[in-house]
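Remarks on the structure that follows.
Sequence lines set the chain letters: A, B, ... in the order given, protein chains first and strands last, and positions in each chain run from 1. When reading the values below, keep in mind they use all heavy atoms of this one structure, side chains included, and skip hydrogens, waters and symmetry mates.
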Amino acid sequence: MEYNFSEIERKWQKRWAENGTYTVREDASRPKYYVLNMFPYPSGAGLHVGHPLGYIASDIYARYKRQCGFNVLNPMGYDAYGLPAEQYAIQTGQHPAVTTTNNINRYREQLDKIGFSFDWNREVRTCEPGYYHWTQWAFQKMFGSWYDNSLQKAQPIESLIRHFEEKGTEGIDAARSEELSFTADEWKAYSDREKSDILMNYRIAYQGETMVNWCQGLGTVLANDEVVDGVSVRGGFPVEQKKMRQWCLRVSAYAQRLLDGLETIDWSDSIKETQRNWIGRSEGTEMVFRVKDSDFNFTIFTTRADTIFGVTFMVLAPESELVPTLTTAAQKAEVDAYVDRVKKRTERERIADRRVTGVFSGSYAINPLTGEDVPIWISDYVLAGYGTGAIMAVPAHDSRDYAFAKHFGLEIRPLIEGCDVSEESFDAKDGIMMNSPRPDQVREGGLVLNGLTVKEAIAATKKYVEENHLGRIKVNYRLRDAIFSRQRYWGEPFPVYYRNGIPTMVPESCLPLELPEISEYKPTETGEPPLGHAVKWAFDTKTDTVVDKSLIDNVTVFPLELNTMPGFAGSSAYYLRYMDPHNDKGLVSKEADSYWKCVDLYLGGSEHATGHLIYSRFWNKFLYDIGCSVVEEPFSKLINQGMIQGRSNFVYRIKDTNTFVSLGLKNQYDTTPIHVDVNIVSNDVLDVEAFKAWRPEYSTAEFILEDGKYICGWAVEKMSKSMFNVVNPDVVIEKYGADTLRMYEMFLGPLEQSKPWDTNGIDGCHRFIRKMWNMFTDRDGNLCLSDAEPSRDELKSIHKLIRKVTEDIGNFSYNTSVSAFMICVNELSALKCNNREVLGILVRLIAPFAPHIAEELWEMLGNSTSVCDSNWPEFKEEYLKEDSVTYSISFNGKTRFTMDFPLDAASDQIQAAVLANEKAQAYIDGRTIRKVIVVPRKIVNIVL
RNA sequence: GCUCGAAUGGUGGAAUGGUAGACACGAGGGACUUAAAAUCCCUUGACCCUUACCGGUUGUGCGGGUUCGAGUCCCGCUUCGAGCACCA
């Protein structure tokens, strides 16, 4: 029987589906294991060979865990809302739901061919009402919550209202947008509108007037992680800063917990570091500066309190609320002009042009330690959104302050011994402090830092500032709240209506609030988001139903929200939904959640480090606070699989001809490299006939060959259609089968590393699979197995494999385990092994990697159950034991010869035997032996 | 600028401080074959010695160090990649 992979693979894929082999249920008698991939956005281009890399890796792990006796949850679904489907809809008028469904079907078809162990009964699609019901529900819960800093936990908003009614803001430590202060009586006197506005200041999902990243090209606002270098990640359109009323999520409230949580999870250092950077915790001091000749004072934030004696000016952000207050009449015109100019600049221009600009406000602040007057300047190098939007400038020890001081001719006062500030500032946090003013020059009990190290000086200043009530120790975070509205159609609608302008939640019983049909996917003429086109988009509070907009009377029928939620909304809690995907009473049942708890192994690309992986950690922490998720961190182990890049091939056309010259000879001609479809190139050899047929203009092409072949050049580039380097897994499966594809993708290199797809090595994997197949059958293709006792060599070989593969899967080192399979099969072939027991072990070991052939062979071995339900083979050390051990004998660390010793020989016996050896004497040759080192089972080193 | 990674043959990549280059590709040679494909066997870091065998030198980005012994550990660089970035 020949190895007919297409028939075998079809047969088993069908049988798995029919038998529900991968259906999983909660089972308290078995330990659980939850494996998850980041679910894909089903794009129109379908899968290329890079997509399945992570799925294969996690499928191997899932299958392995199952064979180890775990009840494994390995689900798959689709992140179905997104911009490309909507952009396509704008162009073609095709409903995004239609294109999305088509794309999903295509993905499913491709995925099924690879032989994954997904439980498709648990599939989720973020765009389905049954799913986004719970996205909307979570949003409402966040709206109905505030964050109590003293408990470090989300609380129901009702408890805050109660507190306001009893004590006003007194004694509340809440995460908030702005510091507010009012009494219980004042609270009670506020109008509904005012109360709503005040509560927005505390809610976890809130509406706020904030600076947002507005992208004209996409017609929507974007989150910080969706903007890179001042342009949108999708489309590369310019992004500007604009003040808009938007829904936001108070992610910043969770900054410290998001940071602390990193210590408890098994993620790569680089991802953790990226998240730490993004959260940007910075420990420093807030100091209050009085304004000269005024009752006014303001607060600055600094991490270098020790440099207080080097302050020679202050700087405010142009957007700072302090600017109008601190600008003197004389400076007003100049300041206004400057602020105006800054406002007009887009983020992009600000980044591109970093020339020093600024203007003097006319006012002076008083250094709280020295009493000295320092001028207050305004400049856009200070950001309004960070710290207090105001800084104390120390040009000697901060490069930005230095550049500013040089430009405007301000004083630069060095504070660290031996530093040279004539050319640049000395920013390093080391050295010995100097130049503190003498105690008698400043206020009584003045601070002197001379002679201290920078670190000591920071601590001493902090202490002094606290004790003298000049400010306080403060921790700042760079992490901002997430902007949660998008002016787009293809997303979750907000379950919100506007009761006389006050945002109000539709009752929970009305969820899901379904996305309405619209006639056009563009913004309306009045600039409203696309949902402005929806006719049936008003909320009737009498009947609790969605009704026609024409019925809006603002008495019982109100307009519904026109924004939709961003992409990360639907992907933030999908892992919980997989636990209980058909539940219509809740996101996830208590039982399912307490059984599956959290994702044990999560695989996905590192590009989600500052987006999805922050948002879903935040989202889960919130659900944990309100008792809907049993663990605080959703993903206990994370592996970032690398990207598969394209490997492009080139042909070289001689200028102004239709003649192509092979790589090795191209230097003899003047040539232009041209991308050629990698699918008509094999091992860098061009299929000349296929090339002629590829494009009409090449039908008459001529070739200059080397050794009768046309050799193509190559380069590693992004996998993309325009480079003709996209490889479709279907094509590979057609030619080699899914098992070969799976083995080869793993063999390509370490999972976490990015690497180019290179078909050159795939034959090796395919040969290996055939070779394994041939071990089970004789020359005529008949099954030929022996029931004899396995030989010692066979057992040794197979147990070496058990140990290696078990160890490698644990480390996700799949490329080395594929090698181990090859070695073992070679060894067993050489031994002409056809032993039923040994081959049974081999089949069980390879089942996670190449499940189709494993099932087929497992059946041929006479088993009636799926190999998925077999046990993982047990490793026995005893089979690896040898009679003797070969030692390398080294002299001064250089290996000269080898010797065998009995297995249990003691080191002194070994020493004696080596020294008695003739060869050893030749190397010693009269020199004194200083030392003899015996490394058990490996080496004897004689030091002369 | 700060932070985190990485660097090994023609290529992808292996190596708990202990024989560097496993395994695979490619290349070269051979067997089988009318021929090709497929399959199998041998060689394959560089250099030197040798008719051949045997052998030797050198070798993991660069420079030091620790060690009997370093691709691996320590110190100092170079280059590449990633993240953050007027974040005070």
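A side-chain donor-acceptor contact under 3.5 Å links A/Gln275 to the backbone of A/Ala609. Within the 3.5 Å criterion, the main-chain N or O of A/Asp481 finds no donor-acceptor partner in the side chain of A/Ser252. A/Asn476 places no side-chain N or O within donor-acceptor distance of the main-chain N or O of A/Ser282, the cut-off being under 3.5 Å. A donor-acceptor distance shorter than 3.5 angstrom exists from the side chain of A/Arg617 to the backbone of A/Leu258, with no hydrogens or angles considered. Side chain of A/Ser268 to backbone of A/Ile271: a donor-acceptor contact under 3.5 angstrom is found. Judged purely by atom type and a 3.5 angstrom limit, A/Ser797 has no side-chain atom pairing as donor or acceptor with the backbone of A/Leu828.
Sequence order on RNA chain B of the closest nucleotides to A/Gly749 and A/Asn277 puts A/Gly749 first from the 5' end. For the pair A/Met392 and A/Cys765, both in contact range of RNA chain B, the more 5′-proximal nearest nucleotide belongs to A/Cys765.
For the P atoms, the distance from B/C62 to B/U50 is 31 Å, rounded to whole Å. A gap of 23 Å separates the C1' atoms of B/A82 and B/G71, to the nearest Å. For the C1' atom pair drawn from B/A36 and B/A31, the interatomic distance equals 16 Å after rounding to whole Å. Here the separation of B/U44 from B/G64, taken at their C1' atoms, is 35 Å to the nearest Å. As rounded to the nearest Å, B/U66 and B/U72 have P atoms that lie 15 Å from one another. Rounded to a whole angstrom, the distance from the C1' atom of B/G61 to that of B/C80 is 10 Å. Comparing the C1' positions of B/C4 and B/A88 gives a spacing of 23 Å, expressed to the nearest Å. Rounded to whole Å, the separation between the P atoms of B/C54 and B/G45 comes to 15 Å.
Between the NZ atom of A/Lys429 and the P atom of B/G1 there is a distance of 18 Å, given to the nearest Å. Rounded to whole Å, atom P of B/G13 lies 8 Å from atom CG of A/Leu748. Put simply, CG on A/Asn811 is 14 Å from C1' on B/A15, counting in whole angstrom units. Following rounding to the nearest Å, A/Arg281 (CZ) and B/A88 (P) show an atom-to-atom distance of 13 Å. Note: CH2 (A/Trp278) to P (B/A82) measures 17 Å, nearest angstrom. The NE2 atom of A/His397 sits 19 Å away from the P atom of B/G1 (whole-angstrom rounding). Regarding A/Asp763, its CG atom lies at a distance of 6 Å from the P atom of B/G26, rounded to whole Å. A/Asp427 has its CG atom 12 Å from the C1' atom of B/C86, to the nearest Å.
Between A/Asn815 and A/Gly749, the closest heavy-atom pair is ND2-C, 3.7 Å. For the pair A/Trp757 and A/Arg647, the tightest heavy-atom approach, listed with the atom from each and the gap, is O-CB, 3.1 Å.
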request  = Represent RNA chain B in dot-bracket notation, 5' to 3'. Only Watson-Crick or G-U wobble pairs with both distances under 3.5 Å count; pseudoknot-style crossings use [ ] and interstrand partners use |.
outcome  = (((((((..(((.....[....)))((((((.......))))))((((......))))..(((((..]....))))))))))))....
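A sub-4.0 Å separation between OP1 or OP2 of B/A82 and a side-chain N or O of A/Ser606 is absent. Listed pair A/Arg478 / B/C84 fails the phosphate criterion, with no side-chain N or O lying under 4.0 Å from OP1 or OP2. Checking the phosphate oxygens (OP1, OP2) of B/A88, no side-chain nitrogen or oxygen of A/Tyr381 falls inside 4.0 Å. The phosphate of B/C25 (OP1 or OP2) has a side-chain N or O of A/Arg767 nearer than 4.0 angstrom. Contact annotation: A/Lys755 does not reach the phosphate of B/G12 (side-chain N/O to OP1 or OP2, under 4.0 Å).
Aromatic rings from A/Trp377 and A/Tyr338 are positioned such that their centres are separated by 6.0 Å or more. Proximity of the aromatic rings of A/Tyr402 and A/His397 is defined here by a centroid distance below 6.0 angstrom, and this criterion is not met. A/Phe821 has its ring centre less than 6.0 Å from the ring centre of A/Phe849. A/Phe404 and A/Phe313 have their aromatic ring centers within a separation under 6.0 angstrom.
Glycosidic torsion of B/G21 falls outside 90° of 0, placing the base in anti.
Within the nucleic acid shown, A/Arg770 has no heavy atom closer than 4.0 Å to any nucleic acid atom.
Of the candidate nucleotides B/G13, B/C68, B/U39, B/G13 has the atom lying nearest to any side-chain atom of A/Pro750. You'll find that the side chain of A/Gln753 is closest to B/G13, out of B/G13, B/C25, B/A85. Of all nucleotides listed (B/C25, B/C40, B/A14), B/C40 comes nearest to the side chain of A/Lys771. Residue A/Asp380 has its side chain nearest to B/C86 when only B/C84, B/C86, B/G13 are considered.
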query = Which nucleotides of nucleotides 4-11 of chain B have their base under 4.0 Å from a protein heavy atom (B), which only their sugar-phosphate (S), and which neither (-), written as one string 5' to 3'?
reply = S-------
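More than 12 heavy atoms of other residues, nucleotides or ligands shown are found within 6.0 angstrom of CD on A/Glu411. Under a cut-off of 6.0 angstrom, the local environment of CE in A/Met643 is sparse, with at most 12 non-hydrogen atoms contributed by other residues, nucleotides or ligands.
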Pull out every protein N or O sitting under 3.5 Å from an N or O of nucleotides 17-23 of chain B, one pair per line with the distance.
| from | atom 1 | to | atom 2 | distance (Å) |
| --- | --- | --- | --- | --- |
| B/G18 | N2 | A/Asn941 | ND2 | 3.4 |

